[in-house]
2 protein chains.
Amino acid sequence: MAGSKVGSIGEYIREQRQRAKISLRQLAAVSGISNPYLSQIERGLRKPSAEILQQIAKGLRISAEALYVQAGILDEREADTDTQAAIRADLLLTERQKQVLLDIYESFRRENEAAAAAAADEEDPDHDAPGDDTQASAGEDTDDARRKTS
Amino acid sequence: MAGSKVGSIGEYIREQRQRAKISLRQLAAVSGISNPYLSQIERGLRKPSAEILQQIAKGLRISAEALYVQAGILDEREADTDTQAAIRADLLLTERQKQVLLDIYESFRRENEAAAAAAADEEDPDHDAPGDDTQASAGEDTDDARRKTS
DNA sequence: TCAGGGTGCTTGCAATTGCAAGCACCTTAG
DNA sequence: CTAAGGTGCTTGCAATTGCAAGCACCCTGA
């Protein structure tokens, strides 16, 4: 198997794990694999079998297929229909249910956009060195406030 | 991996190969794997990786997914609705969010099926209405026609 | 300060995977 | 009859996979 793919699945797993905010050992434990092995997988030193990927997916509470696709052993499904349109057109759902799903979908989308914007804001200070002092100062105040609320 | 599953994938591969009327060596050659190894796989002496299954599927000109299902590393897919397919393919959602939406969707579906069953029990008495008999009869004819064309 | 609990990683090893070399057997042509 | 070509399988081995034992480091509480 091409090393580039294996590196990709390891990065992907680490990414999903960090999103779930669990440690490597915790994920290894709930997945039922050894933590050194999970570490090696994440760093691309080992190429896990499909069974191991299945276990990791279970631990991450995502579908095994998603990991298989990243690992290059399953093709990405086409089905490029729009999620919102599909929900609205789904005859097996009541209108109320459609709305609930759409609300959650949009909330997830906003969440992801906010995460993307936050990532962009962290990169901006690097571009404007003079403005950094002002923005960094403001940023510190915000961080202090967050610590107090936590 | 449970030996019973491995024995099953080996039998399945041999079956498909014999249906295709090609020898073990021919399949091994077009699949790009060694013929002794293919022999061992067919007899359940070895458990092939997903990559090897992928190659065998290519040689047999069947989908890799079919072999994955037999090997127990992929669940048999239910017929996805458009909504499910759309959620799975949505690049703007994280894997975790997809799973949450799918779980809620399926819960709604089950809710609706239960409601439909309850409604059907309440409507049974209405079938005695004359107009309803005519429609039910037409529906049955349509079903018969479909069975003949299938 | 030290002890305990947490983090991720290193290392050696047993088991497994996949292969190359070769065997045993069958069929066909000369 | 033999030789050639085909079939499926045996065996030993290198490489890989997955693990257990343990290391290095960090943080917190007494």
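Letters A, B, ... are given to chains in the order of the sequence lines, protein chains preceding strands, and every chain is numbered from 1. Here the structure is a predicted model, which means the values were calculated and not measured.
Here the options are A/Val100, A/Asp90, A/Ile87, the test is side chain to side chain contact (heavy atoms under 4.5 Å, CB included), and the partner is B/Tyr105; only A/Asp90 passes.
If you measure from atom CD1 of A/Ile41 to atom C1' of C/dC9, you get 14 Å, rounded to the nearest angstrom. Note: CD1 (A/Ile22) to P (C/dG6) measures 15 Å, nearest angstrom. Atom CG of B/Leu53 is separated from atom C1' of C/dT17 by 12 Å (rounded to the nearest Å). One can place NZ of A/Lys47 at 8 Å from P of D/dG18, the figure rounded to the nearest angstrom. In this structure, A/Gln54 atom CD and D/dT17 atom C1' are separated by 17 Å, rounded to whole Å. Following rounding to the nearest Å, B/Leu24 (CG) and D/dG6 (C1') show an atom-to-atom distance of 12 Å. We find that CZ of B/Arg17 is positioned 10 Å from P of D/dT7, with the value rounded to whole Å. Atom CD in B/Glu51 sits roughly 12 Å away from atom C1' in D/dT16 (whole-Å rounding).
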Item to check | B/Gln97 vs A/Asn112, side chain to side chain donor-acceptor pair (under 3.5 Å): CA-CA, chis, key distance, verdict | outcome: CA-CA 10 Å; B/Gln97 289 168 342; A/Asn112 293 340; 2.8 Å; yes
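Distances shorter than 4.0 Å separate some side-chain N or O of A/Arg14 from OP1 or OP2 on C/dC9. Taking side-chain N and O atoms only, A/Ser49 has a distance below 4.0 Å to OP1 or OP2 of D/dG18.
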Checklist outcome for this item: 5' to 3', nucleotides 19-24 of chain C under a 4.0 Å protein heavy-atom cut-off (B base, S sugar-phosphate only, - none) gives BBBB--
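Nearest to the side chain of A/Arg43, among D/dG18, C/dT10, C/dG18, sits C/dT10.
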Can you give the donor-acceptor pairs under 3.5 Å from side chains of residues 29-38 of chain A to other protein atoms, not counting sequence neighbours?
{"unit_1": "A/Ser31", "atom_1": "OG", "unit_2": "A/Leu27", "atom_2": "O", "d": "2.7"}
{"unit_1": "A/Ser34", "atom_1": "OG", "unit_2": "A/Tyr37", "atom_2": "N", "d": "3.2"}

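Here B/Arg110 contributes atom CZ and B/Glu106 contributes atom CD; the two are 6.5 Å apart, rounded to the nearest 0.5 Å.
Between B/Ile41 and B/Ile52, some side-chain heavy-atom pair lies under the 4.5 Å cut-off.
Legend: residues meeting salt bridge (charged side-chain N to carboxylate O under 4.0 Å, His left out) with B/Glu15, ordered by chain and number and at least two apart, are B/Arg19.
For the residue pair B/Glu95/A/Tyr12, the side-chain donor-acceptor check at 3.5 Å is satisfied.
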